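See below for the structure under consideration.
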Amino acid sequence: MSVLPATVAQRVSPSIHAAAVVGVWLLVAACAGWALVRVFGLDTGGLVIMLISFTPYVAFGSVAVLAAALALRTWWAAGVAGLAAAALLACVLPRAVPGHAVATAGPRLRILSSNMLVGGADPRSIVELVRRERVDLLALQEFTPDAERRLDAAGLADLLPHRVSYPIVGTEGSGLFSRYPLRDDGLRTQRSGFTQARATVSVPGVGGVAVESAHPCAPSSPTMVACWRADLIDEPPATPGAGLRVLAGDFNSTLDHTEFRRLIASGYRDAADVRGGGLRPTWPFDGTPVPPVTIDHILADRRAGVARYAVFTVRNSDHHAIFAELVLPAG
């Protein structure tokens with residue numbers, strides 16, 4: 001007579017099994033709570049704002065929790081875990097799949113954005129990316145006077161001769177460098193003190209495109225959440241009934257933050273999300289003991305197509321640079 005293999009529940013002692021069931025239920029409750037916060041936009045508290053950035057990790061971890069519940073034959077726990085996993089994966093997985101149809105005809109605008117880590121990023125890395133990817137517009141954050149001098153010495157002015165430059169010693173400076181003529185639209189100073197260079201780029205075949213180097217403050221502690229929320233609220237919404245607008249930079253936000261999704265819903269599309277690169281992390285890459293997350297974004301007017309998206313390493317920066325090739329509607 002054949003003997004079926006024993007299940008996990010049958011192989012362990014009752015006391016160990018009971019402890020395992022309790023542990024699984026605790027993990028299931030955590031996943032279910034996380035799913036409720038993410039799906040219903042309940043990320044309002046300080047610590048929750050910080051933690052919600054790691055939703056992709058929890059989403060994939062919830063599958064392991066489901067597997068553990070099934071192995072222990074805790075069917076109610078498995079049912080709840082299954083619902084939580086489905087909800088979280090539904091929020092996360094679409095970012096890894098190219099979505100919206102890509103416009104193939106129209107003027108192109110190739111954008112690169114890089115946080116320079118208090119001006120310390122290697123200028124040659126940035127200039128080489130500009131040259132290799134034929135970048136038309138470069139947005140910089142944490143841009144300092146010394147960084148500007150070193151970028152020019154590396155040849156940036158020869159490649160992108162037009163600029164709106166507001167370097168500041170420290171983390172607050174920003175700049176825009178362009179292949180095409182720029183009109184300086186002034187400097188946006190966030191309530192946190194971070195600045196955002198603004199300009200209108202004269203793109204051939206399109207006309208003026210409003211661009212901004214975005215950098216709201218980071219919700220790095222519960223006390224910084226109010227600052228982060230105020231800065232995000234002050235970010236310019238899209239203008240779908242008027243001219244084209246593009247925001248590029250370090251938003252210190254992921255697609256799991258409700259406030260950031262509200263900004264996108266005004267009429268933007270996230271370039272990484274469109275091209276299936278929304279799970280490519282952009283920070284931190286300096287040894288900070290934090291799981292990498294995606295906080296750098298290029299938000300384009302929803303009338304624009306996204307032909308390409310990429311993430312690149314920049315030496316001596318804690319952020320990866322991000323690149324998008326936009327296909328703009330002809331003016």
Side-chain angles (χ1 to χ4, degrees), residues 6-97 99 218-226 228-229 232 251-265 270 272-273 276-284 289-295 297:
T7 66
V8 172
Q10 293 168 333
R11 287 200 301 264
V12 300
S13 68
S15 59
I16 294 176
H17 178 260
V21 169
V22 170
V24 163
W25 265 113
L26 290 174
L27 292 173
V28 168
C31 291
W34 202 294
L36 288 172
V37 170
R38 173 58 181 84
V39 170
F40 294 102
L42 304 178
D43 50 321
T44 56
L47 185 59
V48 175
I49 290 290
M50 297 172 65
L51 292 177
I52 203 70
S53 300
F54 304 106
T55 295
Y57 294 97
V58 177
F60 295 118
S62 67
V63 177
V65 174
L66 171 60
L70 291 171
L72 291 169
R73 295 189 171 186
T74 52
W75 306 125
W76 280 104
V80 176
L83 290 173
L88 290 169
L89 291 172
C91 293
V92 168
L93 287 181
R95 300 173 210 173
V97 180
S220 54
S221 70
T223 59
M224 293 294 291
V225 165
W228 168 82
R229 181 176 285 112
L232 266 185
F251 285 87
N252 282 308
S253 307
T254 74
L255 291 174
D256 294 302
H257 285 109
T258 301
E259 290 290 352
F260 187 55
R261 294 199 303 277
R262 286 196 185 108
L263 175 63
I264 294 174
D270 182 89
D273 187 31
L279 293 179
R280 297 279 305 275
T282 64
W283 174 91
V290 174
V293 291
T294 309
I295 61 173
H297 305 270

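For clarity, every value in this text was computed on a predicted model and none was experimentally measured. Hydrogens, waters and symmetry mates play no part in the numbers below; they use all other heavy atoms, side chains included. In this chain, numbering begins with 1 at the start of the sequence shown.
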**OP:** Quick one: list whatever passes ring pair (Phe, Tyr, Trp, His ring centres under 6.0 Å) with Trp34, sequence neighbours left out.
**Re:** none
Donor-acceptor list for residues 83-94 side chains, cut-off 3.5 Å, not counting sequence neighbours:
none

Subject >> Summary of salt bridge (charged side-chain N to carboxylate O under 4.0 Å, His left out) pairs that have at least one residue in residues 35-48, sequence neighbours excluded >> reply: Arg38-Asp256
**OP:** Can you tell me which residue pairs pass the side-chain hydrogen bond (donor to acceptor under 3.5 Å, both in side chains) test with a partner in residues 75-85, sequence neighbours excluded?
**Re:** none
Original post:
Partners of Phe54 by ring pair (Phe, Tyr, Trp, His ring centres under 6.0 Å), sequence neighbours excluded?
Top reply: none
**OP:** Indicate the ring-plane relationship of Phe251 and His297, choosing parallel, tilted or perpendicular according to the 30° and 60° boundaries.
**Re:** perpendicular
**OP:** Would you check if the side chain of Arg229 reaches a backbone N or O of Pro219 as a donor-acceptor pair within less than 3.5 Å?
**Re:** no
Subject >> Pro56 versus Arg95, closest heavy-atom pair with distance >> reply: CG-NH1, 3.9 Å
Original post:
Tell me, which pairs form a side-chain hydrogen bond (donor to acceptor under 3.5 Å, both in side chains) where one or both residues lie in residues 23-32, sequence neighbours left out?
Top reply: none
Original post:
To the nearest 0.5 Å, how far apart are CD1 in Ile49 and OG in Ser221?
Top reply: 12.5 Å
Original post:
What residues, two or more places apart in sequence or in another chain, satisfy side chain to side chain contact (heavy atoms under 4.5 Å, CB included) together with Ala20?
Top reply: Leu72
Original post:
In Å and rounded to the nearest 0.5 Å, what is the OG to CG distance from Ser53 to Leu255?
Top reply: 10.5 Å
Donor-acceptor list for residues 59-67 side chains, cut-off 3.5 Å, not counting sequence neighbours:
unit_1: Ser62; atom_1: OG; unit_2: Ala59; atom_2: O; d: 2.5

Subject >> Pairwise distance OG1(Thr258) to CG(Leu263) - rounded to 0.5 angstrom >> reply: 13.0 Å
**OP:** Just jot down the ring pair (Phe, Tyr, Trp, His ring centres under 6.0 Å) partners of His257, sequence neighbours excluded, or say none.
**Re:** Trp228
Subject >> Residues which pass side chain to side chain donor-acceptor pair (under 3.5 Å) with Thr282, listed by chain and number, not counting sequence neighbours >> reply: Asp296
Subject >> Distance, nearest 0.5 Å, that separates CZ of Phe260 from CG of Asn252 >> reply: 10.5 Å
Original post:
Where do Thr294 and Gly278 come nearest, in terms of heavy atoms and distance?
Top reply: OG1-O, 3.6 Å
Original post:
Can you name the residues that form a side chain to side chain contact (heavy atoms under 4.5 Å, CB included) with Ser15, not counting sequence neighbours?
Top reply: Ser13
Original post:
Hey, which of Leu232, Ile295, Ile264 is the one that makes side-chain contact (heavy atoms from CB on, under 4.5 Å) with Ser253?
Top reply: Leu232
Original post:
What salt bridge (charged side-chain N to carboxylate O under 4.0 Å, His left out) pairs are there with at least one residue in residues 51-66, not counting sequence neighbours?
Top reply: none
Subject >> Nearest heavy atoms of Ala32 and Val80, plus distance in Å >> reply: CB-CG1, 4.0 Å
Subject >> Heavy-atom pair of closest approach, residues Pro291 and Pro284 >> reply: O-CD, 4.2 Å
Original post:
Are Thr55 and Thr254 close enough that some pair of their side-chain heavy atoms sits under 4.5 Å apart?
Top reply: no
